[in-house]
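Below is one structure, written out as structure tokens; comments come after it.
Here is the naming used below: chain letters follow the sequence lines, and residue numbers restart at 1 for every chain. No experiment lies behind these values; they were computed from the predicted model shown.
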Amino acid sequence: MPPQTRRMAFPKVVIERETDSEQSSSEEDEADVEQEEEELLESEKEGKVEEALDEKKKGKSPITISLKKVCKVCKKPGHEAGFKGATYIDCPMKPCFLCKMPGHTTVACPHRVATEYGVVPAPHKSTRNALEYMFERQIRPRVPPIKPAYVIPDQVSCAVIRYHSRRVTSLEFHPTKNNILLSGDKKGQLGVWDFVKVHEKIVYGNVHSCILNNMKFKPASDDTVYAASSDGTISCTDLETGISVSLMNLNPDGWQGRNSWRMLYGMDINAEKGAVLVADNFGFLYLVDTRSNDPTGKPILIHKKGSKVVGLHCNPVQPDLLLSCGNDHFARIWDIRRIEAGSSIYDLAHSRVVNSAYFSPVSGSKILSTSQDNRLRIWDSIFGNMDSPSREIVHSHDFNRHLTAFKAEWDPRDSSESLAVIGRYISENYDGAALHPIDFIDVSTGQLVAEVMDPNITTISPVNKLHPRDDVLASGSSRSLFIWKPKEKCELVEQKDEGKIVICAGAEKKRNRKLGDGSDDSDDDKFRPKGKNLKSKKYALKSSQYTIKVKR
DNA sequence: ATCTGATGCGTCC
DNA sequence: TGGACGCCCTCAGA
């Protein structure tokens, strides 16, 4: 037993029981344990536990470790943080896990992202000057006065479970073929999936050797995609053949240690200039000519030296305007016609790392940023000013290890430029299951428009992409991909789990072993659930438990 | 069932 | 300015 192993590592460990009803983990040591326990309780009464520990550090006497029930967060007794069923109880000694303010926990947080709690609007900035008057007269009439009714893709239409062998890090829809979704993973593999034919999917494993951070299609060439990776290269891949060439390699000499290994994160394409823009983990921007495949000019320092630049975005209306964001807590706007270190037009300050920043998709006049301080920010270049955000929306997305970073993305088809989608980190208790929904937020009001979830998806969905032409949302959750559609557009039978089309990529291995062939997924009774409850809270989507329906 | 490790950033010295 | 350390809701595999 591991606890025993650990115990062996110390001269002596005492496990303290809080109540008599609890059993000691080892009966052999019982006498010893009880004796030590008495000692410990004695010393604790007198407040000497720490002294005892100190003494034991210095001398040869045995170390005593109290395993009395304490909060795992603040290490103090009297309360415990953690899951009670599907509801997480916060540690009351820490600031709110959601908004980071002291004095309350998540449950009582006024910013709690749950429709019934409402939303506290941020103050709206407005300056009464002549310029604004002009904008109000000339530009406001062009902004659609009535928001289109939001169409929310809220039902899983199909999925590939364990499609990738590592977690999904980026998604991109094909620019012309409506049903093709590209996905990149932590291992650097590139997936191409036709989610209408469902079984037409492939994973190219030779594109990159580690995290595929960003993908963009080559303008005017539908089947060529660029990707930036933490292996320090930009790849250019032909989707038909899977043949990939490298545009740039920042680590030509291979691994020389962490201090010199360069990784590429943010990437975008300036079609007018015929340039791929990428940025690395040391704060530098590179421009690569797409015709010659050669870097143009020298790398330019655009963020704090040595800090990671995680996002680049060219303005959809003014492609020479570049938006960058990174680990130096800033998003910055640049004019790439005259870009050099320190020449940013605006520096948008955040209190922590900025995961993403995007210009609004139609007018390019707004910026939506996601920061690890658990806030979404809207910067409005027309109706606000760039000194401070016109709105801050508290939203749970601050988990920074083990998961792909959350990025709020605009709905590309929303002409009012107000709908954004982002996965939620913190879970909510939905009918007894702890689920992490994907949130649709009206960034003009801060209102939560919709939270979509599926009882079968128990993992967090940090990567989300709305389709540029259809009512479709693609989600990457752990190693799986999901396609969501509005309920009314799902031609599948409602309320029946077997209505969903699901492929289990992870089941292939087992199946190959059993059947002795390497064929693609097919209808196979062996993989239908055997009386398993599909809505079991944990691992509901483990391939062996889930219905595989192929075609309807 | 329970444990572990892969991991990135913030804070401290 | 850099290295060591610690960390609240992960996830998958052993």
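- A/Ser478 comes within 4.0 angstrom of the backbone, heavy atoms only, and of no base.
- The aromatic ring of A/Tyr88 does not sit over the base of C/dC8, since the test of centres under 5.5 Å and planes under 30° is not met.
- Note on A/Arg162: a side-chain N or O is less than 4.0 Å away from OP1 or OP2 of C/dG13.
- A straight line from CG of A/Asp328 to C1' of B/dC9 spans 14 Å, rounded to a whole angstrom.
- Residue A/Pro462 is classed as having no contact, given no heavy-atom separation below 4.0 Å to the nucleic acid.
- To the nearest 0.5 Å, atom NZ of residue A/Lys216 and atom CG of residue A/Leu277 are 10.5 Å apart.
- With rounding to whole Å, A/Asp185 atom CG is found 18 Å from B/dA6 atom P.
- Judged by the 6.0 Å and 45° rule, A/Lys84 forms no cation-pi pair with A/Tyr88.
- Which of C/dA12, C/dC8, C/dC9 sits closest to the side chain of A/Thr459 comes down to C/dA12.
- Counting only heavy atoms from C-beta on, A/Lys308 has its side chain closest to B/dC9 among B/dT7, B/dC9, C/dC8.
- Nearer to the 5' terminus of DNA chain B, by closest-nucleotide assignment, is the contact made by A/Lys186 (compared with the other of A/Lys186 and A/Ser351).
- A/Arg479 places a side-chain N or O within 3.5 Å of a backbone atom of A/His164 that can act as its donor or acceptor partner.
- Here A/Arg166 does not pair with A/Asp185 in a salt bridge; the nearest charged N to carboxylate O distance is not below 4.0 Å.
- By the side chain to side chain donor-acceptor pair (under 3.5 Å) test, A/Glu409 pairs with A/Lys465, sequence neighbours left out.
- A/Asp90 places no side-chain N or O within 3.5 Å of a backbone atom of A/Thr105 that could act as its donor or acceptor partner.
- Look at A/His329 and you'll find a side-chain N or O under 4.0 angstrom from OP1 or OP2 of B/dG10.
- Nearest-nucleotide assignment on DNA chain B puts the 5′-proximal partner with A/His402, out of A/His402 and A/Asn327.
- When the C1' atom is compared between B/dT11 and C/dC9, the two are found 23 Å apart, to the nearest whole Å.
- Atom CG in A/Leu403 sits about 10 Å away from atom P in C/dA12, given to the nearest Å.
- Taking atom OH on A/Tyr163 and atom P on C/dC11, their separation rounds to 21 Å, with Å as the unit.
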Please list, for nucleotides 3-7 of chain C, all pairs of protein and nucleotide N/O atoms separated by less than 3.5 Å.
{"residue": "C/dC7", "atom": "N3", "partner": "A/Arg401", "partner atom": "NH1", "Å": "3.2"}
{"residue": "C/dC7", "atom": "N4", "partner": "A/Arg401", "partner atom": "NH1", "Å": "3.4"}

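- Stacking of A/Lys308 on the aromatic ring of A/Tyr265 is recorded, both the 6.0 Å distance cut-off and the 45° axial limit being met.
- Side-chain atoms of A/Arg479 lie closest to C/dA12 of the nucleotides B/dG10, C/dC9, C/dA12.
- Between A/Ile460 atom CD1 and C/dA12 atom C1' there is a gap of 14 Å when expressed in whole angstrom units.
- Separating the NZ atom of A/Lys304 from the C1' atom of C/dG2 is a distance of 12 Å, rounded to the nearest angstrom.
- No engagement by A/Arg167 is indicated, since no non-hydrogen atom pair under 4.0 Å with the nucleic acid exists.
- Ring planes of A/His350 and A/Trp379: tilted class, angle from 30 to 60°.
- A straight line from CZ of A/Arg166 to C1' of C/dT10 spans 15 Å, rounded to a whole angstrom.
- Residue A/Arg258 contributes atom CZ, which lies 13 Å from atom C1' of B/dA6 at whole-angstrom precision.
- Each of A/Ser461 and A/Lys72 was assigned the nucleotide of DNA chain C with the nearest heavy atom; the assignment lying further toward the 5' end belongs to A/Lys72.
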